[in-house]
Amino acid sequence: MAVFCALLWTLPAWAEDSASLEIDGGKSELQKNIRAHLDLDDIPCNTTEARLRSRLRGSDDNISKALRALGYYHGSWVLRREHARIKPKLINNNPITKVVKKIGSAKSAKSTPEAEACWLLTLELTPGPQTLIKQLDVRVIGPGASDPLFSKYLSKLPIAINDPVQHELYEETKKAINQRARSAGYLDGKFVEHRLEVDVDRHSAAIILVFDSGTAYTFGEIDFGPSLLKTSFLERYLPFKPGDAFEPNKIVQLQNNLISSNYFSSVNIDQQSPDPESHSVDLSITSTDKPKYETTAGIGASTDTGPRVSYGLRNRRVNEDGHTYQVASQYSPVLSNLSFQYTLPGAKPLTDKIQLATGVERKKTDTSDSTSYRAEVAQISLQNHNWIQTLSLKFLRESYDIAETSNTSTLLMPGIGWSRSEANDRRYPSRGWRINTAVRGALKGVVSDVSLAQAELDAKLIFPLWGGRVISRGGLGVTALDDFSELPASLRFFAGGDNSVRGYGYETLGPEDAAGEVVGGSHRLTGSIEYDHRVWGDFALATFYDAGNAFDTSDFTFYESAGFGLRWLSPIGPVRVDFAFPLKDGGFHFHLSMGPDL
């Protein structure tokens, strides 16, 4: 077994024994091009001379092509071959590991073996003078001559006067102009002149490329075919409108939009033949509808809420205008709820919508017991720089018990919020961030029992470090109000728990009353920094430090904890197991949580 392992270790250190090609003369770029054209790297050392002559047949033509491709038209060369003793090739400059086998054991020792006979090919090269570009005429004529798409490229061509001739760059320039024409709808565009002329005696070249763009095509009629949804609604998913410049990439975008709508299981878009008279391109769309109803069921667990079960029902096609509704429910010892949400797609249905929602929630923690009823209307839209804005009006009636106080509060709260997140990998991001903000308020006498203004800001940042990643988060909440006793439990701030200050129970930190019972605070400030590193497959080890608390303006106690944990990237999402140690009170607290990092 030890001998076998040693042999495995030696394999990466050596390349297969094969013929060697040495080139004497010319720049490294030219030598590399010649090697690519000859392609002699796979000739075994034991190849017969007859087979070698066969492989070398046509070498002169290939060398000549390699020279001319880089502007060398006066080169001369001699290709010699000999069967000589040469040292085997090394990889990474490591000598072979020779295995020495002894009775009952095996060990390896470094040594360099004897040279063996192999074919050595030597190319003596005199490349001669390099031909330079002395005339360059690259232009676009026709209706597209003034199109910035072309003019911007022509101002930064990869070739210029007095550059060495390179056939590859000549072909790339032609290809780039053609691609730009097709992407902008110039479907009839063509080169009316395309010449690379070489004056061998003067060592000069002329490049003439004249492209006639023709008239740009536009999008014509769009046929959505048979569908259970109105055509006028489906047209909201168009990233263009009939008459716009034809761009093939927008067809792909349209297909992605329709798939992302969640109404269809498949979408095919056929591009019809361009109409040379109207200079337009019609599209025909064929789609397969998803089932009208979708149900979901799940189970989960966390130390904040305990074991939980959930069930949801969604009608993804209430009517032909694309309206949807969703019923969601969850039960756990700490948090249970039942909600109904009706969604009306907006002018840009992928990002804009109006939601009407109502529901009931029961929450029972170590510090509070509450039952709340809510009704809410929200307008959600995508703003500049991918910020999602939510404008809302929420009615809340909540009965709650905190410490020795029982109360019922009614609030009507307008609010606004913004959120944005980015990640390089949603499953296990090594770089990304998230920001959530919300501002809400109420005015006593306008349905509400108390006047208040409240703002929250939560942020998270992930970045790579030392082969692992750093995860930092922070949260801030502030409240201004007349009578704190009228503030329902769901709007008071607490700290502690899986996503707050670990080492303490869920919502067990905050200002206390005269009897030492936690009653929650008007403000909160929390922060955390964590480092995790993958150790095996989908498992990672983590260490962390958390700090913060909920507080009032006159009382703030700072709680800290530190600990370590295990991360598992399970098929259903990240699972986190943490052991947190409060730095002030001692002991430790176990935490289990699930859910995405961002």
Side-chain angles (χ1 to χ4, degrees), residues 236-237 239 247 249-250 252-262 300 302 343 345-355 378-392 415-440 455-477 497-500 502 524-534 538-548 565 567-576 578 593-598:
R236 299 185 204 173
Y237 289 93
E247 299 180 36
N249 65 306
K250 288 190 175 180
V252 177
Q253 186 180 348
L254 171 59
Q255 185 178 35
N256 291 336
N257 288 353
L258 293 173
I259 289 292
S260 300
S261 73
N262 207 29
S302 72
T343 301
K348 298 178 180 179
L350 287 177
T351 57
D352 301 349
K353 54 194 171 185
I354 294 176
Q355 290 183 339
Q379 181 187 50
I380 302 170
S381 58
L382 183 67
Q383 303 296 307
N384 294 335
H385 307 294
N386 293 323
W387 285 94
I388 298 174
Q389 176 182 279
T390 302
L391 291 168
S392 63
I416 186 170
W418 294 272
S419 65
R420 183 180 169 185
S421 67
E422 292 187 4
N424 60 351
D425 181 357
R426 289 296 174 185
R427 183 169 180 259
Y428 185 76
S430 61
R431 193 181 299 277
W433 56 273
R434 180 190 70 209
I435 296 178
N436 293 314
T437 66
V439 179
R440 63 186 69 90
E456 292 185 86
L457 170 63
D458 291 281
K460 198 169 189 178
L461 174 66
I462 300 176
F463 59 90
L465 181 67
W466 302 327
R469 58 180 190 162
V470 174
I471 305 172
S472 59
R473 58 176 167 84
L476 173 67
D498 302 337
N499 297 298
S500 181
R502 285 165 286 191
R524 69 174 170 92
L525 178 63
T526 57
S528 172
I529 188 164
E530 177 177 315
Y531 179 79
D532 74 18
H533 197 292
R534 282 195 177 187
D538 287 334
F539 290 89
L541 292 178
T543 184
F544 58 86
Y545 168 81
D546 296 344
R567 307 289 180 261
W568 175 37
L569 275 69
S570 76
I572 60 173
V575 177
R576 306 173 192 84
D578 288 318
S593 62
M594 305 171 66
D597 291 315
L598 290 174

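This structure is a prediction, so every number in the text was calculated from the model and none was measured.
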(request) Just say parallel, tilted or perpendicular for the rings of Phe539 and Trp568, cut-offs at 30° and 60°. (result) parallel
(request) Kindly write out the residues that satisfy salt bridge (Lys or Arg N to Asp or Glu O under 4.0 Å) with Asp352, not counting sequence neighbours, or none if the list is empty. (result) none
(request) Mind listing the closest non-hydrogen atom pair of Gly300 and Met594 along with its distance? (result) CA-SD, 4.4 Å
(message) Give me the atom names and distance for the closest heavy-atom approach of Ala347 to Pro349.
(response) O-CD, 3.3 Å
(request) Say whether, by atom type as modelled, one donor and one acceptor occur between the side chain of Arg576 and the main chain of Gly565 under 3.5 angstrom. (result) no
(message) Under 6.0 Å from the ring centre and within 45 degrees of the ring axis: does the NZ or CZ of Arg534 meet both conditions for the six-membered ring of Tyr428?
(response) yes
(message) Looking only at the side chains, is there a donor atom on one of Ser430 and Asn424 sitting less than 3.5 Å from an acceptor on the other?
(response) yes
(request) Side-chain contact test, heavy atoms from C-beta onward, threshold under 4.5 Å: evaluate it for Phe544 versus Ile471 and give yes or no. (result) no
(message) Keeping Ser261 on the side-chain end and Leu258 on the backbone end, is there a donor-acceptor pair under 3.5 Å?
(response) yes
(message) Strictly below 4.0 Å, N to O, side chains only: are Arg502 and Glu530 in salt-bridge contact?
(response) yes
(message) Do Arg431 and Pro464 make a side-chain contact, defined as non-hydrogen atoms from C-beta onward lying under 4.5 Å apart?
(response) yes
(message) How long is the straight-line distance from CG of Leu391 back to CD1 of Ile354, given to the nearest 0.5 Å?
(response) 10.5 Å
(message) Which heavy atom of Ala423 sits nearest to which heavy atom of Leu598, and what is that distance?
(response) CB-CD1, 3.7 Å
(message) Taking Pro429's backbone N and O only, do any of them form a donor-acceptor pair with Arg469's side chain (distance below 3.5 Å, no angle check)?
(response) yes
(message) Apply side chain to side chain contact (heavy atoms under 4.5 Å, CB included) to residues Arg567 and Asp578 and explain how you reach the verdict.
(response) CA-CA 9 Å; Arg567 307 289 180 261; Asp578 288 318; 2.8 Å; yes
(request) Report the residue from Asp458, Asp546, Asp597, Leu461 that forms a side chain to side chain contact (heavy atoms under 4.5 Å, CB included) with Arg473. (result) Asp546
(request) Please round to the nearest 0.5 Å and tell me the distance separating atom CZ of Arg427 and atom CG of Asp538. (result) 4.5 Å
(request) Hey, could you give me the CD1/CG distance between Ile259 and Leu254, rounded to the nearest 0.5 Å? (result) 10.5 Å
(request) Answer yes or no: is there a donor N or O on one side and an acceptor on the other, between the side chain of Arg236 and the main chain of Gly346, under 3.5 Å? (result) yes
(message) Could you measure the distance from the CG atom of Leu465 to the CG atom of Asp532? Nearest 0.5 Å is fine.
(response) 11.0 Å
(message) Rounded at 0.5 Å granularity, tell me how far CD in Gln389 sits from CD1 in Ile416.
(response) 4.5 Å
(request) Using a 4.5 Å cut-off on heavy atoms from C-beta on, say whether the side chain of Arg426 contacts that of Ser421. (result) yes
(request) Would you give the length of the straight line joining atom OH of Tyr531 to atom CG of Leu541, rounded to the nearest 0.5 angstrom? (result) 10.5 Å
(message) Please check: side-chain N/O of Arg440 versus main-chain N/O of Ser392, any donor-acceptor pairing under 3.5 Å?
(response) no
(message) Using the side-chain hydrogen bond (donor to acceptor under 3.5 Å, both in side chains) criterion, which residues pair with Asn436? Sequence neighbours excluded.
(response) none
